[in-house]
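Taking it in order: structure first as structure tokens, then the write-up.
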Amino acid sequence: MKKIKAIETEYKGYLFRSRLEARWAVFFDFCGVDYEYEPEGYDLGNGQAYLPDFILHGVDGRAGGDIYVEVKGQMTDADAEKINRFYELGKDDPDTYGKSQTAILVVGNIPSGADIDDILWSIENEAYNDNGNWPNKYNFETIDGDYFAAYPGINHKGKFELFGDDSNYLCDMDYRATEKAYRAARQARFEHGERPRTKGGY
């Protein structure tokens, strides 16, 4: 079967390589986090080059500061190798805990669910999938080396944060605002120009 190419999607002046990337941009906008799309490519030093999809600025909480984001609908061995190497190059010792200078969150499709509980369950399910040597989606492992679910969302200060996988972390999430951001991303339509139309007034 021939590979089917995703349709490029324009949104907020960016030309995204896929509609999924544009939907993540909608999510980041609703979360109020500053981002850049494909700001810089990197030489991985092994004959490979890598271009992360996003960099987020001013992330709050445990992984505070800047974080790269890679959007992967379908992962391949080549993708996984580049993401893992990019993360490791940002650490003096890849086997120790601590945020990498090239911390990168891997995400997939916009998490689905009728409410925030379903959405969080969807993220948890992806975070702990056994993917062998591939980086797990929604996991701190490619951020600070900790194999622990990372839930993108909005905290009670109105800031974007990656929340850890226990009640001490998740209690700081603004569930209503976070659910609204995920709904807006899932419902965004781009057929009539770069301004997404969303259902329900979002």
ring-ring contact (aromatic ring centres under 6.0 Å, His included) between Phe86 and Tyr50, worked out: CA-CA 8 Å; Phe86 182 69; Tyr50 177 57; 5.1 Å; yes

Test item: side-chain donor near acceptor, [X] and [Y], under 3.5 Å:
{"X": "Asn46", "Y": "Gln48", "answer": "yes"}
{"X": "Asp53", "Y": "Tyr37", "answer": "no"}
{"X": "Asp79", "Y": "Thr76", "answer": "yes"}
{"X": "Asn131", "Y": "Asn136", "answer": "yes"}
{"X": "Asn139", "Y": "Tyr128", "answer": "no"}

Indicate yes or no for a side-chain donor-acceptor contact from [X] to the backbone of [Y] under 3.5 Å, with no hydrogens or angles considered.
{"X": "Asn84", "Y": "Ala80", "value": "yes"}
{"X": "Lys82", "Y": "Pro52", "value": "no"}
{"X": "Glu81", "Y": "Asp77", "value": "no"}
{"X": "Arg23", "Y": "Ala188", "value": "yes"}
{"X": "Tyr175", "Y": "Leu170", "value": "yes"}
{"X": "Ser122", "Y": "Asp118", "value": "no"}
{"X": "Glu10", "Y": "Leu15", "value": "no"}
{"X": "Lys159", "Y": "Gly61", "value": "no"}
{"X": "Tyr87", "Y": "Gly145", "value": "yes"}
{"X": "Thr102", "Y": "Gly90", "value": "yes"}

Point-to-point distance, once rounded to the nearest 0.5 Å, from [atom1] of [X] to [atom2] of [Y]:
{"X": "Asp115", "Y": "Arg176", "atom1": "CG", "atom2": "CZ", "result": "14.0 Å"}
{"X": "Thr178", "Y": "Met173", "atom1": "OG1", "atom2": "CE", "result": "4.5 Å"}
{"X": "Glu126", "Y": "Trp121", "atom1": "CD", "atom2": "CH2", "result": "9.5 Å"}
{"X": "Tyr182", "Y": "Arg186", "atom1": "OH", "atom2": "CZ", "result": "10.0 Å"}
{"X": "Asp172", "Y": "His156", "atom1": "CG", "atom2": "NE2", "result": "6.0 Å"}
{"X": "Glu38", "Y": "Phe16", "atom1": "CD", "atom2": "CZ", "result": "9.0 Å"}

For Phe54, the option from Tyr68, Trp24, Phe28 that meets ring pair (Phe, Tyr, Trp, His ring centres under 6.0 Å):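 Among Tyr68, Trp24, Phe28, the one meeting ring pair (Phe, Tyr, Trp, His ring centres under 6.0 Å) with Phe54 is Phe28.
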
For the hydrophobic clusters of this structure (ILVMFWY residues joined by side-chain heavy atoms under 4.5 Å, transitively), does one cluster hold both [X] and [Y]?
{"X": "Tyr147", "Y": "Leu120", "value": "yes"}
{"X": "Ile110", "Y": "Tyr14", "value": "yes"}
{"X": "Ile116", "Y": "Ile154", "value": "no"}
{"X": "Tyr138", "Y": "Phe163", "value": "yes"}
{"X": "Tyr42", "Y": "Ile55", "value": "yes"}

Residue pair [X] / [Y]: nearest heavy atoms and the distance that separates them:
{"X": "Ser18", "Y": "Thr9", "value": "C-OG1, 3.9 Å"}
{"X": "Asp60", "Y": "Glu161", "value": "O-CG, 3.3 Å"}
{"X": "Ile123", "Y": "Pro152", "value": "CD1-CD, 4.2 Å"}
{"X": "Leu56", "Y": "Phe160", "value": "CD1-CE2, 3.6 Å"}
{"X": "Lys12", "Y": "Tyr35", "value": "CD-OH, 4.1 Å"}
{"X": "Ala63", "Y": "Lys99", "value": "O-NZ, 3.5 Å"}

Is there a side-chain contact between [X] and [Y] (heavy atoms, below 4.5 Å)?
{"X": "Val71", "Y": "Val106", "answer": "no"}
{"X": "Ile67", "Y": "Ile104", "answer": "no"}
{"X": "Val107", "Y": "Leu105", "answer": "yes"}

More than 12 foreign heavy atoms under 6.0 Å from [atom1] of [X]: is that the case here?
{"X": "Lys91", "atom1": "NZ", "result": "yes"}
{"X": "Asn133", "atom1": "CG", "result": "no"}
{"X": "Arg62", "atom1": "CZ", "result": "yes"}

side-chain hydrogen bond (donor to acceptor under 3.5 Å, both in side chains) against Asp66, all qualifying residues, sequence neighbours excluded: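 Scan of Asp66 (side-chain hydrogen bond (donor to acceptor under 3.5 Å, both in side chains), adjacent residues dropped) gives His57.
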
